[in-house]
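First listed ligand is number 1; within each ligand, the first listed atom is number 1. As the structure is a prediction and not an experimental result, all values here were calculated from the model.
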Amino acid sequence: MKIAILLANMGGPDSLEAVEPYLLEIFKDPDIIDIPLPEFVRLPLVRFLAKKRAPESREIYQKLGGKTPLLEITQAQAQALKQLLNEKNDQRFEIFPAMRYWHPFMEEVWQKVTEEGFDKIVVLSMYPFFSTTTSGSVINEARRLMQKYNTPREKVLIIDRFGDHPKFIESMAEQLRQNLPQKGTDGEAHVLFSAHSIPMKRIHSGDPYFDEIKQAMDLMRRKFPQGSVKFHLSFQSKLGPIRWLSPATPEKIEELALQGVKRLFVFPLGFVADNSETIFEIGMLYRDLALEKGIESYVRIEALNTQPLFMEALSQIVLERLTADQVGQKETKQN
Ligand SMILES: C=CC1=C(C)c2cc3[nH]c(cc4nc(cc5[nH]c(cc1n2)c(C)c5CCC(=O)O)C(CCC(=O)O)=C4C)c(C)c3C=C
Ligand SMILES: [Fe+2]
């Protein structure tokens, strides 16, 4: 059996010229901006928003060398996952980065795997915690592509979250352990888990994102001796004037500084690959703020990227879900 796995993520600009059209792709998505307006009003509005955001966004990508590192990291993840899956199984796996808002777009990849005649298409949403703004959007795009390319339903498996999987939790705990000082060097370690924020109205409409994040934090807390690590949670990258999940990461950093915290480790919760929001926001913007507010040592913990435990977790998640899917399909045929 030939199985294609699509690693679905946001994507990001591959040049400074691509920034504005990339932003337009994001803002055009009704799963990101859910303003119920007729298309002839909505389109000029989102064009205006993309144009307005573009200069600030371009400055950020300029600081990262003119493009996002997200695609290269996803390509490395694809390679590592392919090796793991193909060395242990009879099926042949091919792994493809498939981006929602820039090249390689999900549609480009879908067309390719359709032409190449794969027996199964697994869409693995690279957002561990489900939100309508991320995995929800990936699901909607996959459904649109299934229709457009006449892909039979039973050929497609969508994995829309994995944030409570024990191996994933262990990979995050390991990432943290590797960054914390060795026992006995200093007192309590303060770790700020910074997750991407989403608008509060999503939470009020039933988006499980916040609950899933809290659950993962609880599972991770159990991996450390009581009192050895102080866990804090905050939300970053808010845009626009409406209410988003809080506390915002910069406010939380100020609060911790005021409480006298001198050493802070910042963990990018829910980002599985480094990108502008981890490297620039956590690594530069919030670092400057922390040092200005009196924090003496500030460590940005890298996203999981190709960490071996994380790669094993992904491989196990895919295999478990494929098995469950096969069992489910057999049962449906029998009934
Ligand atoms: C990890 C989870 C993410 C959630 C939840 C999320 C929601 C969300 N994002 C925007 C707007 C933008 N996001 C942008 C980039 C971006 N966002 C995530 C992750 C989540 N977004 C990633 C991994 C990236 C890629 C960064 C890169 O390196 O390219 C951007 C563009 C960058 C910028 O100008 O800041 C925008 C805009 C909204 C509105 C939203 C929820 C409603
Ligand atoms: Fe985002």
Side-chain angles (χ1 to χ4, degrees), residues 7-16 18-35 45-74 77 97 99-103 125-138 160-163 172 193-205 207-210 212-213 216 234-245 249 267-285 302-305:
L7 301 184
N9 210 327
M10 293 280 291
D14 43 17
S15 67
L16 292 179
V19 170
E20 193 175 321
Y22 162 68
L23 290 171
L24 182 59
E25 289 296 324
I26 296 179
F27 295 146
K28 268 195 326 198
D29 183 355
D31 289 314
I32 288 277
I33 296 189
D34 58 345
I35 316 170
L45 177 67
V46 297
R47 277 214 178 93
F48 167 76
L49 293 177
K51 217 175 190 44
K52 191 158 166 261
R53 169 82 192 154
E56 189 179 332
S57 194
R58 260 194 300 269
E59 238 180 81
I60 294 171
Y61 289 107
Q62 177 111 55
K63 289 195 173 88
L64 302 189
K67 60 178 184 162
T68 181
L70 185 61
L71 176 59
E72 274 159 42
I73 295 170
T74 314
Q77 290 173 326
M99 300 304 185
R100 190 64 194 85
Y101 306 114
W102 204 247
H103 303 281
S125 175
M126 296 294 273
Y127 306 102
F129 311 115
F130 184 93
S131 166
T132 48
T133 61
T134 51
S135 291
S137 169
V138 167
D160 67 5
R161 70 195 83 189
F162 51 84
M172 286 201 291
F193 290 85
S194 182
H196 201 297
S197 194
I198 60 168
M200 273 313 287
K201 65 175 179 181
R202 301 291 180 141
I203 305 290
H204 295 142
S205 326
D207 196 309
Y209 183 69
F210 182 53
E212 292 186 10
I213 283 179
S234 63
F235 297 92
Q236 65 175 85
S237 319
K238 169 190 187 293
L239 278 183
I242 56 172
R243 254 189 79 215
W244 289 52
L245 270 172
T249 300
F267 189 104
L269 186 63
F271 295 97
V272 297
D274 276 313
N275 62 84
S276 67
E277 312 210 314
T278 61
I279 299 173
F280 169 72
E281 279 185 59
I282 299 180
M284 302 180 195
L285 194 63
E302 282 186 8
L304 295 170
N305 297 334

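Counting heavy atoms closer than 4.0 Å to ligand 1, residue A273 contributes nothing at all. When heavy-atom distances to ligand 1 are checked against a 4.0 Å cut-off, L239 comes that close only through its side chain, counted from C-beta outward. Heavy atoms from both the backbone and the side chain of I32 come within less than 4.0 Å of ligand 1. When heavy-atom distances to ligand 1 are checked against a 4.0 Å cut-off, F235 has no atom that comes that close, whether in backbone or side chain. In E56, neither the side chain nor the backbone holds a heavy atom less than 4.0 Å from any atom of ligand 1. Heavy atoms of L23 found under 4.0 angstrom from ligand 1 belong exclusively to the side chain. Contacts between N275 and ligand 1 below 4.0 angstrom, taking non-hydrogen atoms only, involve backbone and side chain alike. Both the backbone and the side chain of S276 come within contact range of ligand 1, each with a heavy atom under 4.0 Å.
Residue contact check: I198 has heavy atoms under 4.0 Å from atoms 5 (C) of ligand 1. For ligand 1, the atoms sitting less than 4.0 Å from at least one non-hydrogen atom of G270 are 1 (C), numbered in the order shown with element in parentheses. Atoms of ligand 1 found under 4.0 Å from any heavy atom of G12, numbered from 1 in the order shown, are 29 (O). Interface of T68 with ligand 1, defined as ligand atoms under 4.0 Å from a residue heavy atom, comprises 27 (C), 28 (O), 29 (O). Of all atoms in ligand 1, numbered sequentially from 1 with element shown, those under 4.0 Å from a heavy atom of T134 are 3 (C), 4 (C), 5 (C), 6 (C).
Nearest to atom 3 (C) of ligand 1 by heavy-atom distance, out of R202, H196, K238, is H196. Counting heavy atoms only, M10 comes closest to atom 13 (N) of ligand 1 of the residues R53, M10, E281, K67.
Here the OG atom belonging to S125 is positioned 7.5 Å from the CZ atom belonging to F162, to the nearest 0.5 angstrom.
A 4.5 Å side-chain heavy-atom check between L7 and Q77 finds at least one atom pair inside the cut-off. With contacts defined as side-chain heavy-atom distances shorter than 4.5 Å, the pair I33/L49 qualifies. R100 is listed as a side-chain neighbour of D29, based on a closest heavy-atom distance under 4.5 Å. Using a 4.5 Å heavy-atom cutoff, the side chains of F27 and R53 are in contact. In this structure, K63 and I279 have side chains that are not in contact, with every pair of non-hydrogen atoms separated by 4.5 Å or more. In this structure the side chain of E281 reaches within 4.5 angstrom of the side chain of S237, judged on heavy atoms. At a threshold of 4.5 Å between non-hydrogen side-chain atoms, the residues P208 and R161 count as touching. Residues F271 and S194 have side chains not in contact (no heavy-atom distance under 4.5 Å, counting atoms from C-beta outward).
At least one heavy atom of W244 sits less than 4.0 Å from an atom of ligand 1. Ligand 1 lies out of reach of W102, whose nearest heavy atom is not under 4.0 Å from it. Look at P199 and you'll find a heavy atom under 4.0 Å from some atom of ligand 1.
At the top of the distance list for atom 30 (C) of ligand 1, counting protein heavy atoms only, stands I26 CD1, 3.6 Å. Atom 25 (C) of ligand 1 has Y22 OH, 3.6 Å as its closest protein atom, hydrogens excluded (heavy atom only). In terms of protein heavy-atom proximity, atom 27 (C) of ligand 1 is nearest to Y61 OH, 3.1 Å.
On a distance-only criterion, Y127 and ligand 1 share no N/O pair closer than 3.5 Å. On a distance-only criterion, S57 and ligand 1 share at least one N/O pair closer than 3.5 Å.
Ring geometry for W102 versus Y22: interplanar angle over 60°, hence perpendicular rather than tilted (30 to 60°). Ring-plane geometry between F129 and Y209 is classed as perpendicular, the angle between the planes exceeding 60 degrees on a 0 to 90 degree scale with a lower cut at 30.
Between the side chains of N9 and T74, not a single donor N or O lies within less than 3.5 Å of an accepting N or O. Between N275 and T68, the side chains place no donor N or O within less than 3.5 Å of an acceptor N or O (distance only, hydrogens not considered).
Remark: of the listed residues D274, I282, T278, D274 is the sole one forming a side chain to side chain contact (heavy atoms under 4.5 Å, CB included) with E302.
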